[in-house]
Protein chains: 2
Amino acid sequence: MKSESLMLNDPMPLTPIASASQAEPEKRVRDRGATEKAILNAAKALLAEEGFQNFGINAVARKAGCDKQLIYRYYGGLNGLVDAIGADLGTWVKDRIPEDTGGMFLLTYGDLMERLSLLFLQALRDDPLMRRIVAWEVSENTEQVRRLSDARSKALATWLERMRGSLTPPKGVDAVAVNAILIAAIQHIVLSASAGGQCAGLALKASKDWEKAEQALKRIVRGVYG
Amino acid sequence: MKSESLMLNDPMPLTPIASASQAEPEKRVRDRGATEKAILNAAKALLAEEGFQNFGINAVARKAGCDKQLIYRYYGGLNGLVDAIGADLGTWVKDRIPEDTGGMFLLTYGDLMERLSLLFLQALRDDPLMRRIVAWEVSENTEQVRRLSDARSKALATWLERMRGSLTPPKGVDAVAVNAILIAAIQHIVLSASAGGQCAGLALKASKDWEKAEQALKRIVRGVYG
DNA sequence: GATCGATGTCGCCGCTCGGCGACATTTGAC
DNA sequence: GTCAAATGTCGCCGAGCGGCGACATCGATC
């Protein structure tokens, strides 16, 4: 309105909020795709950083630096946005499949499960979003969390499947049940550590604490699978 | 005000809420001790039934059938009330120590840990409040939850200590770390089952599902402790 | 019977939330 | 240039929250 000439290529257009005080928001100009991505990324970041407690329309919009109305328009509300996060979780698998076996030959199912356990432990430790989702899963049973949970368990299952290759568990062991317990253990250990820095009296802060935990985990895996 | 005679011994005094339509609240008449207990019980019940999500001053007061102001007066707010719940958790130990060993001689550390694992699993399955607290612990790291967490881990530690007796773990095994992982596994399995009826692809609804889980747990314990 | 502390009740405050209608601005097709 | 659709913005609504001040009622004591 206030300019009748040179309205194109304005080097620093109107910024409703002081431009230098904010960190990331990255100006977008009427680019729906970019805005959608910004919203999705904001949602993932918010969930990873703050947890599901303060996860809501208003908070996501604030973080994305856009109006919440856009979340309704583009994702149909929080549920749709959560679905989008879930869909995004599918990419987790590819990122977590190492090319080689770490210079180690996996000859037995025990070899495999030892390696998978440690890999999964490390992956969870490195992935705050995944951690928050796991914590969410055991805390609520709403439609939203169920969808996320489905996506996550599907991703986990295909990951395990891909890594398993052709190795089969020893006879006489209920591998599904045993592995479920191992996964449960890993998830809870990481969640506990992440929330309180310890689990059942075992400190989990320094890397030497984690070495102890990994050692114990290996012993357990070897105990069942040899 | 409207009665100048017979104001004592009124058979049904003023009930601000219809008396027969409510379930439990149990009329109290200016009995501070009873009111305090009612508030504490309401808080525990609310936490156990609804989880920590909707746990707040208003909800507790509603459930206790009293005014929220009393929670401030008697407990100094939610924090004090949570402390009271934590203190109450100490009684958990006594309730969970069986008199006999279930007709079984605990000769080795493996015998002991197998039994303790199954006992702990069952105890958690039977105790919704404990479950909610565990879920809370891995979801938040606030002052409130830290206090509850301390109380719970203390209770758990003394329980283990009492049950352990004079048995000692085998040499060469980091029992603290291994047991932390076992406890983590049990807690997460129960939480997962409670929230979604399954864990990592293992269904956990029917009692035969649980038998599988217990079997696997036993194998794992025996694997490390013999 | 008057008094006063203990106990219980009421209603307000400021805030955030999810949800949405109404409006402003830009872009692109014609 | 025109105009409609796409995109972004503003502000309202009803509800619930934690917190608390002010008030009502009861019971014991003198």
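In the text below, chain A, chain B and the rest are named by the order of the sequence lines, each starting its count at 1. Every value quoted in this text rests on a predicted model; they were computed, and no experiment measured them.
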Can you name the atoms? Protein N/O to nucleotides 12-15 of chain C N/O, anything below 3.5 Å, with the distance.
none

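Within the nucleic acid shown, B:Leu70 comes within 4.0 Å of at least one base atom, counting heavy atoms only.
Taking atom OH of residue B:Tyr75 and atom P of nucleotide C:dT7, one finds them 13 Å apart after rounding to whole Å. Between the CG atom of A:Asp67 and the C1' atom of C:dA22 there is a distance of 12 Å, rounded to whole Å. When rounded to the nearest whole Å, the span between CZ of A:Arg73 and P of D:dT9 equals 10 Å. As rounded to whole Å, 11 Å separates atom C1' of D:dT7 from atom CD of A:Gln69. Following rounding to the nearest Å, A:Ile71 (CD1) and C:dG18 (P) show an atom-to-atom distance of 9 Å. The OH atom of B:Tyr72 sits 12 Å away from the P atom of D:dC17 (whole-angstrom rounding). Atom CG in B:Leu78 sits roughly 7 Å away from atom P in D:dG19 (whole-Å rounding). The distance from atom CG of B:Asn58 to atom C1' of C:dC10 is 14 Å, rounded to the nearest whole Å.
For D:dC17, the OP1/OP2 oxygens have a side-chain nitrogen or oxygen of B:Arg62 closer than 4.0 Å. Regarding contacts with the backbone of C:dT7, every side-chain N or O of B:Tyr74 stays at 4.0 angstrom or more from both OP1 and OP2. Remark: A:Arg32 is in phosphate contact with D:dT7, judged by side-chain N or O atoms under 4.0 Å from OP1 or OP2. OP1 and OP2 of D:dT7 both lie 4.0 Å or more from every side-chain N or O belonging to A:Thr35.
For B:Tyr74, the side-chain contact (heavy atoms from CB on, under 4.5 Å) partners are B:Arg32, B:Thr35, B:Glu36, B:Ile39, B:Leu70, not counting sequence neighbours. Here A:Gln53 pairs with B:Phe52, B:Gln53, B:Glu140 under the side-chain contact (heavy atoms from CB on, under 4.5 Å) rule; sequence neighbours left out.
At distances below 3.5 Å, not a single donor-acceptor pair connects side-chain atoms of A:Ser192 with backbone N or O atoms of A:Ile189. In terms of modelled atom types and a separation under 3.5 Å, the side chain of A:Asp209 and the main chain of A:Ala206 share a donor-acceptor contact. Between the side chain of B:Asn141 and the backbone N or O of A:Gly196 there is no donor-acceptor pair closer than 3.5 Å.
Which of C:dG18, D:dG18, C:dA22 sits closest to the side chain of A:Ile57 comes down to C:dG18.
Residue B:Asp127 comes nearest to B:Arg96 through the heavy atom pair OD2-NH2, 3.3 Å, listed as atom of the first residue, atom of the second, then distance. Residue A:Lys63 comes nearest to A:Leu46 through the heavy atom pair CD-CD1, 4.1 Å, listed as atom of the first residue, atom of the second, then distance.
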